[in-house]
Amino acid sequence: LDEKERNLEERSNALDEKKLEIAKVNGNHDATGDDLVDVNAGGKIVSAKRSTLTKLRGTRLEALFSGRWDKKLQRDCRGRIFLDVNPTGFRAIVDYLNELTISSEDDPPNPPSVDDE
């Protein structure tokens, strides 16, 4: 069991090193959770802390806003990250992540939803 744990830890460390290498080439290796990220989501501007957008580890959202891909992301004319998504839906996700950050584990918020339009 100890050998398997060491192997797993080595693999995890190698993955972290690979992420850092990717960030140096394709992204912002100085990215921190306190960074304010402006996103043009389908024409609506949404600002959030990077730590909020990356709250759910292992998700595409976490990978997208981790900073590792900042140089590769599409930008609008003002340099904001552009996502061709439903702005209401994206705002609902960001609001949920904010609520998740401030809520207790015993009383998590309901998952996001958007009214039918």
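Hydrogens, waters and symmetry mates play no part in the numbers below; they use all other heavy atoms, side chains included. Since this is a predicted model, take the numbers as computed values, not measurements.
- Under the 4.5 Å side-chain criterion, counting only non-hydrogen atoms from C-beta, Asp16 is in contact with Ser12.
- In this structure, Ile81 and Val37 have side chains that are in contact, with non-hydrogen atoms separated by less than 4.5 Å.
- If you take OG on Ser47 and CG on Leu36, they are separated by 5.0 Å, rounding to the nearest 0.5 Å.
- Looking at residues two or more places apart in sequence or on another chain, you find a salt bridge (charged side-chain N to carboxylate O under 4.0 Å, His left out) between Arg50 and Asp35, Asp70.
- Separating the CG atom in Leu97 from the OG1 atom in Thr52 is a distance of 7.0 Å, to the nearest 0.5 Å.
- Rounded to the nearest 0.5 Å, atoms CZ (Arg6) and CD (Glu10) are 8.0 Å apart.
- Legend: salt bridge (Lys or Arg N to Asp or Glu O under 4.0 Å) pairs involving residues 100-109, not counting sequence neighbours: none detected.
- Ionic pairing of Asp95 and Arg91 is present here: one or more N-O contacts between side-chain nitrogen and carboxylate oxygen are shorter than 4.0 angstrom.
- Here the closest non-hydrogen pair linking Ser103 and Pro108 is OG-CA, 4.0 Å.
- Each of Val39, Asn26, Leu64 was scored for a side chain to side chain contact (heavy atoms under 4.5 Å, CB included) with Leu73, with one residue passing: Leu64.
- Atom CD of Glu9 has 12 or fewer heavy atoms from other residues, nucleotides or ligands within 6.0 Å.
- Taking both residues in full, the closest heavy atoms of Ser66 and Ala63 are given as OG-O, 3.0 Å, listed atom of the first, atom of the second, then distance.
- Counting heavy atoms of neighbouring residues, nucleotides and ligands inside a 6.0 Å radius, atom NZ of Lys18 does not exceed 12 of them.
- For Asn7, the CG atom is densely surrounded, since the number of other residues' heavy atoms within 6.0 Å is greater than 12.
- Across all non-hydrogen atoms, the minimal contact from Tyr96 to Pro111 is CE1-CA, 3.7 Å.
- The heavy-atom pair separating Asp34 from Lys49 by the smallest distance is OD1-NZ, 3.4 Å.
- In the hydrophobic clustering of this structure, Ile45 does not group with Val94; members are Ile, Leu, Val, Met, Phe, Trp, Tyr whose side-chain heavy atoms approach within less than 4.5 Å, directly or through other members.
- Rounded to the nearest 0.5 angstrom, Phe90 CZ and Leu83 CG are separated by 5.5 Å.
- Side-chain contact check for Gln74 versus Phe82: some heavy-atom pair is nearer than 4.5 Å.
- The distance from atom OG of Ser113 to atom CD1 of Ile93, rounded to the nearest 0.5 Å, is 11.0 Å.
- Separating the CD atom in Glu99 from the CG atom in Asn110 is a distance of 8.5 Å, to the nearest 0.5 Å.
- Closest approach of Gly42 to Pro87, counting heavy atoms only: O-CG, 3.9 Å.
- When atom types are taken as modelled, the side chain of Ser51 and the backbone of Gly33 share a donor-acceptor pair closer than 3.5 angstrom.
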